[in-house]
Amino acid sequence: MSKRPGPEDIDSIRLRSREEYLEKRSELKLAELRRQVQEEQEEERSNPHLSQRELREFARNRETLRLAESRLAIDDGLDGYVLPDADGSKLETLNKRKKKDVSTYKSEVQLWEDEVTARAKVAQIHRPDRLQQDDYEFVFDPTQALNFVSAGEWVDPDKQRLQEQLDAAEKKAKSIQEVRTSLPIYQYKEQFLDALADHQVLIVCAETGSGKTTQLPQYLLDYFNKEGGTSLRIACTQPRRVAAMSVAQRVSEEMGCRLGQEVGYSIRFEDKTSPNTKIQFLTDGLLLRQFLNDPTLSGYNAIIIDEAHERTLATDILMGMIKDVGKYRTDLKIIISSATLDAQKFSQFYNDSPILMIPGRSYPITIYYSQNPEASYLSAAITTVLQIHCSMKDPGDILVFLTGQDEIEAGKQSIEETVRKLGSKIPELVVCPIYSALPQEEQGKIFLPAPPGGRKVILATNIAETSLTVDGVRFVIDSGYSKENVYNPSTGLEQLVVTPISRASSSQRAGRAGRTGPGSCFRLWTRWSHFNELEESTTPEIQRANLSSTLLLLKSIGINDLLNFDFMDPPSATAIAKALEELYSLGALDSTGSLTRVGRQMSELPIDPKLSKTIILADTHQCLEEILTIVAMLGESSALFFAPKDKRLHAEAAKRRFYTRGGGDHVAYLKIFNSWSEAEYDPLWAKENYLQQKALTRARDVREQLQKLCERIGITPSSCGDSNYIPIVKALVAGYFSNAARLNRDGKSHTVLRNGLSVRIHPSSMCHEPTEVPKWCIFSELRLTSQEFIANIVDIDPQWLIDAAPYAFKKADLEKFGIDKKMPKTRPAQAK
DNA sequence: GAGCACTGC
């Protein structure tokens, strides 16, 4: 008689099944990656016409594989991965290196490559010989004959290989099937399909580990296949590009098809779909842009909005638009998928649509709160790190959530000093910082395993909350704060504010401790404050952002009454009014609020309207090539320079070499990009000049895209060269005349003409140098930190303001500010 | 002479 399973049994069963699931999943992933890398390497060898981007991607995949393999190499080696198409010999090859000494070390990838290459050579060159030889040996060699007889039947080696591959595929399919049916969401499949038949909109509220993202699209596909229909496509939006790519990869494996066929993804700069594509993962912003060409979403039978609780700007707009489209397209199925208990709110928004709650599957996490409020979360965090490290016997890495780069660097230093003082009394502790501005190669370090017997502590910003996952973390220390970008529509100031996080965000952070085993989360605030002071969820982005670009898009889709648009959480009337005002002043809207021809052209470009106006006016000033570069570089300006602390002077000098008097920061960006391009986009060149290759590459991608879009909206290429910067600045003034400023009498501060705000030039600007301070200028950025700063600045002649926006600037007004023909045009007396 | 969280088209 077996006893009924108790709660512990169930827990351990859950635990085991989770472990098995994760193990299977990583096996499959790795095998897939190996195969992909092999395919790519063959292509690289045989195809000399691969694009730079493809080569980069191949290299990235190779590196990922290498990292995964090297992480695997710390295992004992005997229970390593078995390739789905592996035979015994390959497994042996993989394990062989463990027995070899270090001098003959070869990575597993190299060994595997060697083996594949060897096999390929045999197959290509020696095939006819081998066949003859086989026959020969079969007849005359007694040992061969004996082997053959004992094997029972003769098997053609090619056929055998094929059979092995088939077996492997079947095994893989079977394990995929097992994984799929073991997911919590599987229990709810019928319920989901039934609800789908009765309702147009469903809210799915599922916890992490439920399998919603991979399974829901497939269930929908089953639903529509049963219904019968000719063309079929399901869209599933994701807030992040990597998510769209990796989920598409996963689902294509589950469905046994090549990525880009039945299952594909679309992100900016990359479309991996085909006419056969039934399930398309795409970023939320991209689906929003698709409304421009297809306002009724006629290409889709169903839309899944995944991670709706994140409330990105694009997701919020999409939810309003889709609600509207759904009224006319009653055949369109809409699924809103969210992780938190916001489900009620989503349901109300969609006229009380039914909610499907699905439990998740993750390891238990113990939450600890501070007994008393902490005076400084940074020192509290550091103390907690050392407490865990010294007193906890359990292995597992520590993840600390802080707010920014400075804090992280300070924390790193402090921890390292303490550890040094304690010396050999405690096990080794490795500190890994991670934030998005950190160069790529440094970022990779967080994935390296901790030293044996030691521990790794990761100091991270919000980047580790959703965008980046580190396995092996068992302890999370949460400061309870993050930096939020807040835009003030009435002054145009942007500000990064350290804000307490929401409860939703805190549980997301805590969840990072339970990915590979049970974990603990230490919250540096009190339980009382958790339930009484923290907000339930983060303020939706739509209430914090500059809306001009979004509203232009909505206008061009044909949504005219923006104040009455069905927002789930409407932005403030001031924010809408300011955005409309800006669009009007740029000539994108006429006085009745309708879209103009220029406005339509501008809406096609996925950038800030000030920039799109600049691009359109670049046509008039015959400098499109130059402006495209500047626009693309402006988007990357904050991540462009990277100066190590000890080489700050060198970095400054390097930066200064690109500056020309009168051209400001903008023309300097142009020179940087052009020099990089002359250096054939060499990463080494970038490094020598203290520039980030990543930012430059992105700027190049953006530029390419803008160039194509310009062709489409009828703007013809033109160029004025990078030393003739007058037309360039004139085009910039056409977009940025509202960001004009004039030097005050003190010679140090500027006044913004539009609103009289007193600002200073940010020291990162090349115009900060006393000899370079412009009398009149326009700026691309206005930011409040310790003071009100303007950045990305270029000198102008005030007359150009009148030329660009005669209705906004009258000569008489500018004269009041001291416009004076006799004055040196752009700068005060030079100090020399 | 300051300091910038994170996404996305």
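In the text below, chain A, chain B and the rest are named by the order of the sequence lines, each starting its count at 1.
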**OP:** Sugar-phosphate atoms are those with a prime plus P, OP1 and OP2; base atoms are the rest. Using that split, label each nucleotide of nucleotides 3-9 of chain B B, S or - for protein heavy atoms under 4.0 Å, 5' to 3'.
**Re:** BBBSSSB
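With salt bridges taken as basic N to acidic carboxylate O contacts below 4.0 Å, one links A:D569 and A:R311. Between A:E636 and A:K694 no salt bridge is recorded (no basic side-chain N to carboxylate O distance below 4.0 Å). A salt bridge links A:R240 to A:E310: one of the charged nitrogens lies within less than 4.0 Å of a carboxylate oxygen.
For A:K212, the salt bridge (Lys or Arg N to Asp or Glu O under 4.0 Å) partners are A:D306, A:E307, not counting sequence neighbours. Every salt bridge (Lys or Arg N to Asp or Glu O under 4.0 Å) that A:R712 has, sequence neighbours left out, goes to A:E604.
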